[in-house]
Amino acid sequence: MILFRKFRVLILMVFLVACSMHIMIDLLPKLERRSNSACSCSHTPNEESQNWGKHRPGSGPESGWPKKHTLRILQDFSNEPSSNLSSHSLEKITSAGDKTDALKRLEDYVKPGEVRRHVSQDATISKNVAAVKGSKLLALFDHPLYKRALPTLTEEDTLFNVNTDMRFDPKTAENQEWHGKGKDDEFTPTGELSTDSYPNWLRFHIGINRYELYSRHNPVIDAMLKDLVSQRITSVAMKSGGTQLKLIMTFQNYGQALFKPMKQTREQETPPDFFYFSDFERHNAEIAAYHLDRILDFRRVPPVAGRLVNMTKEIRDVTRDKKLWRTFFISPANNICFYGECSYYCSTEHALCGKPDQIEGSLAAFLPDLALAKRKTWRNPWRRSYHKRKKAEWEVDPDYCEEVKQTPPYDSGTRLLDIIDMTIFDFLMGNMDRHHYETFEKFGNETFIIHLDNGRGFGKHSHDEISILVPLSQCCRVKKSTHLRLQLLAKEEYKLSALMEESLRNDALAPILIQPHLEAMDRRLRLILQVIGDCVEKEGYANVVEDDLGPESKDMDAALQR
């Protein structure tokens, strides 16, 4: 009996010691930060190993863990099936019920009537673009196929329409650091800020319309790509959801982007025994996908740029995410590493390590926040089974497309043809992971598909996954504008691989793709044209190629022949 009582006391003591240790671990960051608030941060790995606990992101002499600040309400990026929910991490994003406040903030930023004027100004820029000698890319964008004008935009065709009774008042803005310190040329004669003074991410947002994410030759896009590379990172947090680690980065101009770190070298191919859903996401695939989408003239991928990030100064020291911070460590090779939290590949064995603390990654610009611009998530009709043994219905039913054609929204409008566009886009990249897609809810079914989450492209250059083309081969439908552009890109003077190589050369992490991947795109382009040719031979040109050019059709045919 006495032994039993002693055993119970021992158990109780062990329990109390364990609780005390947990409390000490939780309090340690605050205690260390207070005791070392005056220390200077060093970023050499050897010194980091000695002073690892002495710095905490955003700490000050009087603060504990830094106060949370609200993520910019005007932005959101989501690539998950449940993406109608706003992206968030530690910081709480304004709920849908606060849409009025969010809209008021947008009205404070945007001068009345500037949304449509901003879009129309972009449309006139293309008229002033002259092909630079030796540039195949600018010669392509100067081709008549890439100069088609949009239909006249109404209020229903633009994503944001500002109340015409609202006057822009700089004093009402929450923070005015973004508008350039009040230079004289930023104000109109009425004392209002001009659109040129808006941050580039906001100018990108107000340019979105029913037909495109951004207009051709829009200088704002190039400026925003530079921002993604050069803007100071002020906050970092893990993005919730998803199978692999992604970070939300906030910049000094309050823009935000989704960061996907480098996990594989450009030369590493996906092993042949890997299932498509178990492969790593590639940061260079996200970058290349944006450039490919632009060359195809879809303009449905948010701008993406590559950036070399200092893991210590630009992630660990600025993060407010305790869970992320605690996963940092120094490897036996004396490199800074971290692994974060996610469903797969977030462990010490799959840690992301710098050299010694520099790591590559892709930064994809956020779309407008869901509180202001709701998006609808759709299940891809040709979604794969995501099972090791089971097959999807489209894989066993050759007449599957006939069922799709009778199902809304594929029974009318351009949605089915947009799926074919996405299929062509994915096949050129070798991307098998297109399970869902999104559209802006405001535009209903008559709008483009947003091409998000392209990280599983460019995994194999030695293999062409023909099953990706099943929607095209089963439905035998394609837009005439898409067909003509594919034919143009198959010509030697507009060779797709050469255009991609030239376009990707401008990225900070160039080269983005190795030569075998570039050559694979040329090979796959020929296969796409072959499938379309087989459809035309079987069903006739008029039944396969949907004329979406209208009165311009004959002129475009003639331009292609020149």
Side-chain angles (χ1 to χ4, degrees), residues 79 243-244 263-264 266-293 295-296 298 301 379-398 400-401 404 418-437 449 451-478 482 486 489-490 496-497 500 512-535:
N79 56 10
T243 58
Q244 301 185 34
K263 295 176 181 174
Q264 289 182 309
R266 290 150 177 74
E267 293 76 20
Q268 285 179 284
E269 272 202 287
T270 302
D273 290 328
F274 267 36
F275 289 99
Y276 52 89
F277 50 81
S278 59
D279 193 15
F280 284 114
E281 294 183 3
R282 290 172 168 76
H283 73 299
N284 62 316
E286 293 284 0
I287 301 167
Y290 161 71
H291 289 263
L292 176 61
D293 175 83
I295 287 172
L296 291 171
F298 293 154
V301 174
R379 182 187 175 97
N380 184 357
W382 282 271
R383 181 184 189 271
R384 297 178 184 273
S385 67
Y386 289 85
H387 193 279
K388 297 180 180 66
R389 292 177 296 277
K390 292 181 181 178
K391 290 188 175 182
E393 185 179 350
W394 58 266
E395 293 181 277
V396 296
D397 182 4
Y400 177 78
C401 185
V404 175
D418 289 336
I419 290 287
I420 301 301
D421 282 349
M422 186 170 65
T423 294
I424 291 169
F425 174 63
D426 283 337
F427 181 69
L428 289 170
M429 296 190 297
N431 178 27
M432 302 170 66
D433 188 36
R434 189 69 67 182
H435 43 79
H436 289 77
Y437 64 89
I449 291 172
H451 296 165
L452 297 175
D453 198 10
N454 306 296
R456 285 204 170 108
F458 299 103
K460 295 180 181 179
H461 54 73
S462 57
H463 173 71
D464 302 328
E465 185 54 53
I466 300 298
S467 66
I468 300 174
L469 279 182
V470 165
L472 175 61
S473 60
Q474 283 186 347
C475 298
C476 276
R477 297 286 301 281
V478 67
T482 300
L486 293 175
L489 295 172
L496 178 58
S497 59
M500 281 291 289
I512 302 300
L513 296 176
I514 59 174
Q515 193 62 31
H517 278 299
L518 296 171
E519 294 170 357
M521 282 190 285
D522 289 332
R523 184 177 68 244
R524 291 164 186 166
L525 176 57
R526 292 192 294 269
L527 290 172
I528 294 169
L529 290 173
Q530 182 180 327
V531 171
I532 296 174
D534 292 342
C535 286

Distance check, rounded to the nearest 0.5 Å: [X] atom [atom1] versus [Y] atom [atom2]?
{"X": "N431", "Y": "M422", "atom1": "CG", "atom2": "CE", "value": "9.5 Å"}
{"X": "D293", "Y": "H451", "atom1": "CG", "atom2": "NE2", "value": "6.5 Å"}
{"X": "L486", "Y": "I532", "atom1": "CG", "atom2": "CD1", "value": "5.5 Å"}
{"X": "R526", "Y": "L496", "atom1": "CZ", "atom2": "CG", "value": "10.5 Å"}
{"X": "E281", "Y": "E286", "atom1": "CD", "atom2": "CD", "value": "7.0 Å"}
{"X": "I420", "Y": "Q474", "atom1": "CD1", "atom2": "CD", "value": "9.5 Å"}

Min side-chain heavy-atom separation [X]-[Y] under 4.5 Å:
{"X": "M500", "Y": "H291", "value": "yes"}
{"X": "V301", "Y": "L292", "value": "no"}
{"X": "V404", "Y": "C475", "value": "no"}
{"X": "L513", "Y": "R266", "value": "no"}

With distance as the sole test, does [X] use its side chain to make a donor-acceptor pair with the main-chain N or O of [Y] at under 3.5 Å?
{"X": "N380", "Y": "R434", "result": "yes"}
{"X": "D464", "Y": "I466", "result": "no"}
{"X": "E269", "Y": "S462", "result": "yes"}
{"X": "E395", "Y": "S385", "result": "no"}
{"X": "W394", "Y": "C401", "result": "no"}

_Can you tell me which residue among R282, Q244, H283 is in a side chain to side chain contact (heavy atoms under 4.5 Å, CB included) with K263?_
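Of R282, Q244, H283, side chain to side chain contact (heavy atoms under 4.5 Å, CB included) with K263 is met by Q244 alone.
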
Using the test side chain to side chain donor-acceptor pair (under 3.5 Å), find all partners of [X] that sit at least two apart in sequence or belong to another chain.
{"X": "S497", "result": "D522"}
{"X": "S473", "result": "none"}
{"X": "Y400", "result": "none"}

*Taking all heavy atoms of E465 and all of R384, pick out the closest pair and write down the distance.*
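Where E465 meets R384 most closely, the heavy atoms are CG-NH2, 4.4 Å.
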
*In terms of the angle between their ring planes, are F425 and F298 parallel, tilted or perpendicular, with boundaries placed at 30° and 60°?*
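Perpendicular.
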
*Would Y437 and R383 satisfy side chain to side chain contact (heavy atoms under 4.5 Å, CB included), going step by step from the backbone distance to the final call?*
CA-CA 10 Å; Y437 64 89; R383 181 184 189 271; over 6 Å; no

